[in-house]
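The block underneath contains the structure these notes are about, expressed in structure tokens.
Owing to the predicted nature of the structure, the values given are computational and were not obtained by experimental measurement. What's counted below: heavy atoms across the whole structure, side chains too, no hydrogens, waters or symmetry copies.
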Amino acid sequence: MSDANATDRRGFILNLWRSVFAAAGISAVGFSLWDRKGPVAAKRQTSKLQIASFAATGQNGKLAVARGSDRIRNIEAAIDALGGMAQFVQPGDKVLLKVNAAFATPPVLGATTHPDLVARTAALCFAAGAAQVAVTDNPINDPASCFELTGIGPAARKAGARLMLPRPDRFAFYSVKNGQLIRNWPVLGAPLVWADKVIGLAPVKDHHRSGASMTMKNWYGLLGGRRNIFHQQIHTIIAELAVMIRPTLVVLDGTWSMIANGPTGGAMDDLKATHTLIAGTDQVAVDSLGATLLGKSVKALVHLDLAERAGAGTTDYRSLNPVVVDA
């Protein structure tokens with residue numbers, strides 16, 4: 001399919017979704033989850049979350065880049081270039097897919113993780129022997145609506161994965177070692193405690209505060225409470241999130257990238273066909289390479305340097321000798 005035809009098709013789908021939203025009367029009002037004084041205050045005295053490293057043994061510093069216009073072929077090619085999903089998921093593993101489901105918008109707008117990527121990644125995990133796969137996020141808008149309208153919920157269920165929606169009993173309080181911001185803060189911890197492996201799936205997006213929203217910013221969706229207070233220190237919070245979560249694998253989807261008006265976008269003109277998907281075990285390296293899809297340098301994104309200095313990975317993605325394949 002040509003880019004022009006793809007754009008026309010996306011425009012048709014967008015108009016269709018707008019009609020659905022109008023008919024359903026769906027609101028875009030923000031939804032600040034689990035800042036309920038009763039449940040949160042009660043748990044503060046009793047819950048203390050511990051988060052283990054989810055890194056797969058012997059897979060440090062792996063990085064692959066798939067070039068192509070088809071998202072499914074891109075993820076398959078990138079995972080193959082890394083040696084296959086069996087390098088990361090072993091038989092019997094419980095695998096958590098952390099998606100970006102922040103907004104109740106259709107997938108064509110690129111503001112959330114694409115459902116095709118969710119479904120195919122879940123299928124690859126099951127093929128590698130995963131016993132269970134779950135999908136989670138703590139969206140800005142109403143969680144049930146976000147998972148349904150983004151297509152992530154239906155895609156997950158069709159692939160045999162379960163949804164782990166945020167609710168008060170799934171949050172616990174956590175502190176990042178030597179952290180400035182994540183100190184005794186509510187985190188969506190139950191899915192992390194449940195999981196043996198964690199894979200982050202994020203779109204490439206412009207962001208009006210941090211400059212970019214990629215795989216490290218994706219962990220922001222694990223925070224509860226009034227997390228908007230971190231906006232004034234956005235680079236620091238992203239770096240602390242990268243320390244908090246040591247994933248098995250991260251996947252950065254730049255098949256289409258949101259190059260303007262992020263992180264929500266809202267128009268097809270905000271998107272560009274960048275025909276690239278990046279997968280790897282070093283989230284700092286993945287995001288540093290992903291920045292190039294937005295035409296931005298590593299130096300322009302302060303959180304990349306902060307995360308590197310905190311020991312979360314390297315901004316020198318070239319030093320990892322990324323495998324580049326055509327999908």
| task | Search all heavy atoms of Gly290 against all heavy atoms of Met214 and return the closest pair with its distance. | result |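 Taking every non-hydrogen atom into account, C-SD, 3.7 Å.
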| query | Any idea which heavy atoms bring Leu49 and Ala172 closest together, and the distance? | reply |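 Closest approach of Leu49 to Ala172, heavy atoms only: CB-CB, 3.9 Å.
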Between [X] (side chain only) and [Y] (backbone N and O only), is there a donor and an acceptor less than 3.5 Å apart?
X      : Y      : result
Ser288 : Val286 : no
Ser257 : Lys272 : no
Asn141 : Cys146 : no
Thr248 : Phe54  : yes
Ser210 : Ala212 : yes

Mind checking whether [X] and [Y] have side chains closer than 4.5 Å, heavy atoms only?
X      : Y      : answer
Val65  : Leu277 : no
Lys217 : Leu241 : no
Arg71  : Asp253 : yes
Val133 : Lys94  : no
Thr105 : Thr264 : no
Leu96  : Val135 : no

| Cation-aromatic face contact Arg246/Trp219, 6.0 Å, 45 degrees |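 No cation-pi geometry.
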| message | Assigning hydrophobic clusters by single linkage (Ile, Leu, Val, Met, Phe, Trp, Tyr; side-chain heavy-atom cutoff under 4.5 Å), is Leu222 placed with Val284? | response |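 Linked, Leu222 and Val284 end up in one cluster.
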| query | Would you say Phe171 and Leu181 are hydrophobically clustered, going by side-chain heavy atoms of ILVMFWY under 4.5 Å? | reply |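 Yes.
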| query | Step by step, would you call Lys98 with Asp137 a salt bridge (charged side-chain N to carboxylate O under 4.0 Å, His left out)? | reply | CA-CA 6 Å; Lys98 167 59 180 78; Asp137 192 24; 2.8 Å; yes
| query | If we ignore angles and hydrogens, is there a donor and acceptor under 3.5 Å between the side chains of Thr112 and Thr150? | reply |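 Their side chains do not contain a donor-acceptor pair, so the 3.5 Å distance test is not met.
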| query | Can you find a side-chain donor-acceptor pair between Asp287 and Thr215 that sits under 3.5 Å? | reply |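 Present: a donor and an acceptor within the cut-off.
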For residues 316-327, which side-chain N or O atoms pair as donor and acceptor with protein atoms under 3.5 Å away, sequence neighbours left out?
unit_1, atom_1, unit_2, atom_2, d
Ser319, OG, Asp316, O, 2.6

| task | Walk me through it: do Glu148 and Arg157 pass the test salt bridge (charged side-chain N to carboxylate O under 4.0 Å, His left out)? | result | CA-CA 11 Å; Glu148 293 309 304; Arg157 289 191 293 268; 2.9 Å; yes
| said: Below 30° counts as parallel, above 60° as perpendicular, anything between as tilted: where do the rings of Phe230 and Tyr220 land? | reply: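 It falls in the perpendicular class, over 60°.
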| task | Applying side chain to side chain contact (heavy atoms under 4.5 Å, CB included) between Glu308 and each of Val298, Asp282, Thr315, report the one that passes. | result |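 In the set Val298, Asp282, Thr315, the residue that makes a side chain to side chain contact (heavy atoms under 4.5 Å, CB included) with Glu308 is Thr315.
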| message | Asp116 vs Arg120, test: salt bridge (charged side-chain N to carboxylate O under 4.0 Å, His left out). Steps then yes/no. | response | CA-CA 6 Å; Asp116 289 350; Arg120 191 62 192 135; over 6 Å; no
